[in-house]
Amino acid sequence: MSDSSSSDDLPLSRLNHQTVVRNRAEDVVQISDKGKGTRKKMRRASCHDSGSDGEISAMKRKKMKSAEQGIAAFEWWNSPDPPEGKAWQTLEHCGMTFEPQYKPHGIAMVYDGVPISLTPYQEELATFYAAMPEDGPQLNVSGGQREIFQRNFWDDWHKVLGKSHAIKSFDKCDFSDISKHLDRLKFVKRAASDAEKVVARELRDDCQLRSGYAILDDHLEKVGNFRMEPPSLFRGRGKHPKTGVVKLRVEPDQVSINCGASRPPPICLELGRSWGEIKHDDTVTWLSTWHENVMQSNKYVMLAANSSLKGKSDFKKFQKAMQLKGCIERVRHGYHKNLKSKDRHLKQQATTMWLIDTLALRVGGEKSEEEADTVGCCSLRVEHFTFHKTGKDVDLEFLGKDSILFKQSIDFAGFDEHGQQAYDNIREMCRSKKKNEQVFELIEPTSLNAHLSSIMPGLTAKVFRTYNASETLQNQLPDAEHVLEMRSIGDKLIAYNEANRIVAILCNHQRTVSAAAATGLEAQAEKLEQLKDQRRELQNMRTTLKAGKDNAEAHRFAKLPDEKDVSKRIDIWTEKIKKLEIDLRNKEENKEVSLGTSKANYLDPRISVAWCKRCDVPIEKLFSKTLKQKFAWALTVGSSWRFEAMPITDS
DNA sequence: ATCGTGACTTGGCCCCAGGCAA
DNA sequence: TTGCCTGGGGCCAAGTCACGAT
C-alpha cells in the first residue's frame, strides 16, 4: 500500500482514485475490515490512544488530513452515477455518537427564598432553563415570546416535579445560582490552558476520525451531523407556540440506521446499548434517523455539504435554474397574459407568479396551529398589504421563514404594465375580504407547482429564487475590464460584495446587529471623526506655515516641520480617512444583511469562479475552505463561463 | 384526489479560533 | 501580550416538495 504520508506531492488525480481512496478509507476510518474481531480491536485501540502523546496526535492529524485529501481527490462529477432511482450502491458508516448522561452539579435552586434540592432529572431541566440568556431571543421582554417560553417550560417541568412538590409556581423560582454556576463553567472553559485545549481538540479529532466518515460506493465521504442533538429546551423562532418545551434525550435504541446490506452495519459504541433498527434503503441519502418529540418530526444524519450526494443535487439545482433561464420569457409571457384572465383561479395564479418572480417570495405553504404564524406568497393575508390613497404605493409587511420580517414599500408605478396589472389584481383581491383572509385563497403550493412543472419539467416555485439570485449576481458583477483597473484585491472584493448584497436584499436575507457589532461600528465612526479633526489641524498648521507665522506651533516640535512635511502628512491622513470611510460605509450597509445564505445556497458558484478568473482574484477570497470544498465541482470552469440558458433535457 | 409526512434544502444564531491593533 | 473584533463553521429550526397511503 502506498504510504499516505507521501501523498502530499502525489498527483492524486492522475492515479486510479478508486484505489487511492479505498486505501485511505481503510487506513483512516477503520470501518472496512470484514473481520469483526479486527474491527473491534481497532476501535478499542482508537478509543484508548487519545493521550497527549505528541507522536500519536501528529499521526491522527495526518490521518485526518489524508482523509480530507482522499475526499477531495474523488471527482464525482467525472464518475458514473448509480442506477436510476438509487442514491448509492454500497454504504458503510459509523452511526451516531452520544453525549454522556447528565451529571448533577448539586447546586440548589431557590424557591420563594428557600434553597430546594432537586432530583437529577428535575435539576437537568432547571439547568436548561438557567442556561437561557435573559436578553436572548427566547427570554428578552420585547417580542412576546418570553411568556410562551416560560409557560411551556413550566408545563413540562411541573410534570417532572410532580403534584406534591414544594415548587408550585414558576414566578417564585429563582434559577440564578445555577446560572452563576454555568457562567463559572464557561469562564473556566475560556481560561483553559493551551495543554487543556490540545486535549480537548484531541478528543474532538478522535470523535471525528472514529465516527465522522462514511464510505459510499467505495469512496470516502465526510458525514455532516453525526452527533446526536443533546436534550434541551426547544428554541423555536419568534412567537412559536412550542418554544420552551423540553426536547427529550434520544437514546441509541430510538435511532434507525440506514446502510448497505453487503457491508457490516455500524457498531453502537454506547456500552450495553444497540440501535433501534437497521435498514438498507438505497433510494434515500440518510445514514441515521430519529424522531424528535417537540415538533414530532424526523431528523436525519446525512453526508456533509462537500459530499458527492449533496454536490450532485446542488449541481442539478443550478442546471434547473439555467433551464428556467432558457424559457423565462415564455413563462413570463404566460403569466402576463393571465394577469388579465376572467378566470379567478388563473388570475390569482398569475398574480402569485408575478410576486414570486419579481419579489423573490417563497411559495408559502399552509401551517398548523402548532407552528409560528409565518407566511409566504400563497398564504399572504389581506392584513399584510397596506394600500395608500394616492399612487400605486403598497406596503407589504409580513413575517416570513424563521419569523424574519419582510417589509417593503413597493411602488408599482415603477413597474411595467404587467406590474401595474398585478397591483390592480392584488387590490381587487383584497377588497371585500376580511383582514385575516388569504389574498390568494384559490392558490396552494401544490397546484402552483403542478402548473409550473407543466410549463417546464421540474420547475417549482423555489427555482425562481435560484434563477433570479444567480441571474442578478451575474448582471450586477462589474465587467473584468473595469475590475482589472482596480488597485487592490480589497477593492475588487468590495465590488463583488456589492453584487452579493443586492442578491441578499432581493432574497431578504437578514441578520441581527449584535450589541458588540453596534458598539464596534460606533467606535469606528468616532475614529473617523478623530481622523478628520486631526486633518483639519494639519491643514490649519499648513496655513500658518504658509503665512510664515511659525512661532505659534514651534513649542510642539523638536524640529519645526516645513510646509512640505505637513502636506505629505495631510495626504496620508486623507488616504486613511478615505479607507476608513469606505470600510465604514461597507459595514453600515452590510450590518443587517447576511451575504452567506445566498452565497451558499442560491448563487451558482460557477459565476463567481469565472468572475475570479477574469478579474484575477483568488477564489479563496470569496469562498471559505468549506465552501470551496462544497463547490469543488465548479472550480474548473473557464473564465468565460456564463450562467446561460440551458436546453431542457427532461427528467 | 386528498392528505399527511418523509426527505431534503435553506437559514439565522451562537460560539470560538485566530488575526490584528494597541 | 492582551483585548477586541470578525468570520467560519457547527447547530438545529423551518422551510419546500414529492410521494405514498387512503
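So that the names make sense, note that chain A is the first sequence line, chain B the second, and so on, each numbered from 1.
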Report task. Mind checking A:R465 for me? I need base, sugar-phosphate or nothing, with any heavy atom below 4.0 Å counting as a touch. Result -> sugar-phosphate
Report task. Output the single nucleotide from C:dC17, C:dA14, C:dC12 whose closest atom is nearest the side chain of A:P230. Result -> C:dC12
Requested in this report: Report which part of the nucleic acid A:K599 touches: base, sugar-phosphate, or nothing (heavy-atom distance under 4.0 Å, all strands).
Outcome: nothing
**Report entry** Over 12 foreign heavy atoms within 6.0 Å of CD, A:E366
**Finding:** no
Report task. For A:L627, answer base if it contacts any base atom (sugar-phosphate contacts may also be present), sugar-phosphate if it contacts only those atoms, and nothing otherwise; contact means non-hydrogen atoms under 4.0 Å. Result -> nothing
**Report entry** Qualifying residue, where the test is side-chain contact (heavy atoms from CB on, under 4.5 Å) with A:V250 and the options are A:E292, A:M96, A:M228, A:K299
**Finding:** A:M228
Query raised in the report: Which part of the nucleic acid, if any, lies within contact of A:R237, taking any heavy atom under 4.0 Å across all strands shown: a base, the sugar-phosphate backbone alone, or nothing?
Result: base
Report task. Look at all strands and tell whether A:G400 reaches a base, only sugar-phosphate, or nothing, counting heavy atoms closer than 4.0 Å. Result -> sugar-phosphate
Requested in this report: Pick base, sugar-phosphate or nothing for A:K189, based on heavy-atom distances below 4.0 Å to the nucleic acid.
Outcome: sugar-phosphate
Query raised in the report: Hey, does A:P133 reach any base, or is it just sugar-phosphate, or nothing, if we go heavy atoms under 4.0 Å?
Result: nothing
Query raised in the report: Which part of the nucleic acid, if any, lies within contact of A:G224, taking any heavy atom under 4.0 Å across all strands shown: a base, the sugar-phosphate backbone alone, or nothing?
Result: nothing
Query - Atom pair distance, as rounded to whole Å: CG in A:D281 and P in C:dG20 - result: 11 Å
Query raised in the report: Mapping A:S453 and A:R235 to their closest nucleotides on DNA chain C, which lands nearer the 5' end?
Result: A:R235
Requested in this report: Would you kindly give the OH-to-P distance between A:Y300 and C:dA14, to the nearest whole Å?
Outcome: 17 Å
Query raised in the report: What is the nucleic acid contact for A:R190, judged by heavy atoms within less than 4.0 Å: base, sugar-phosphate only, or nothing?
Result: nothing
**Report entry** Sugar-phosphate, base or nothing in reach of A:K587, heavy atoms under 4.0 Å
**Finding:** sugar-phosphate
Query raised in the report: Between A:T289 and A:T466, which is nearer to the 5' end of DNA chain B once each is assigned its nearest nucleotide?
Result: A:T289
Report task. Indicate, with a heavy-atom threshold strictly under 4.0 Å, whether A:K316 touches base, sugar-phosphate, or nothing. Result -> nothing
Query raised in the report: Contact class for A:Q510 (heavy atom, under 4.0 Å): base, sugar-phosphate, or nothing?
Result: sugar-phosphate
Query - Gap between atoms NZ and C1', on A:K367 and C:dA14 respectively (whole Å) - result: 7 Å
Query - A:K621 atom NZ, over 12 foreign heavy atoms within 6.0 Å - result: no
Query raised in the report: For the pair made of CG in A:N500 and P in C:dG7, what is the distance, rounded to whole Å?
Result: 13 Å
Report task. Tell me, yes or no, whether the heavy-atom count around A:K312 atom NZ, taken from other residues, nucleotides or ligands under 6.0 Å, exceeds 12. Result -> yes
Query raised in the report: Is the shortest distance from a Lys or Arg side-chain nitrogen in A:E134 or A:R146 to a carboxylate oxygen in the other one below 4.0 Å?
Result: yes
Report task. On DNA chain B, check which nucleotide each of A:Q296 and A:E444 is closest to and give me the residue with the more 5' one. Result -> A:E444
Report task. To the nearest 0.5 Å, tell me how far A:C207 SG sits from A:F226 CZ. Result -> 4.5 Å
Requested in this report: Could you tell me from which nucleotide to which nucleotide of DNA chain B, 5' to 3', there is an atom under 4.0 Å from chain A heavy atoms?
Outcome: B:dG6 to B:dA22
**Report entry** Ion pair A:K317/A:D314, N-O distance below 4.0 Å
**Finding:** yes
Requested in this report: Specify the residue among A:V363 and A:T446 whose closest nucleotide of DNA chain C lies further upstream toward the 5′ end.
Outcome: A:V363
Query raised in the report: Within less than 4.0 Å of OP1 or OP2 of C:dA13, is there a side-chain N or O belonging to A:K247?
Result: yes
Requested in this report: Identify whether any heavy atom of A:A372 sits under 4.0 Å from a base atom; if not, whether one sits that close to sugar-phosphate; answer base, sugar-phosphate or nothing.
Outcome: nothing
Report summary line: Tested for side chain to side chain donor-acceptor pair (under 3.5 Å) against A:S598, the lone hit among A:T466, A:N500, A:T472 is A:N500
Query raised in the report: So what does A:G236 touch, heavy atoms closer than 4.0 Å: a base, only the sugar-phosphate, or nothing?
Result: sugar-phosphate
**Report entry** Distance, rounded to the nearest Å, where A:N449 contributes CG and C:dG15 contributes P
**Finding:** 17 Å
Requested in this report: Quickly work out the A:M295 CE to C:dT16 P distance and round it to whole Å.
Outcome: 14 Å
Report task. May I have the distance from A:N590 (atom CG) to C:dC5 (atom C1'), rounded to whole angstrom? Result -> 16 Å
Report task. State whether A:T626 places a side-chain N or O below 4.0 Å from either non-bridging phosphate oxygen (OP1 or OP2) of C:dG8. Result -> no
Query raised in the report: Is there a salt bridge (Lys or Arg N to Asp or Glu O under 4.0 Å) between A:E68 and A:K65 once you walk through the steps?
Result: CA-CA 5 Å; A:E68 308 285 321; A:K65 200 176 158 197; over 6 Å; no
Query - Between P of C:dG7 and CG of A:L595, the distance in whole Å - result: 10 Å
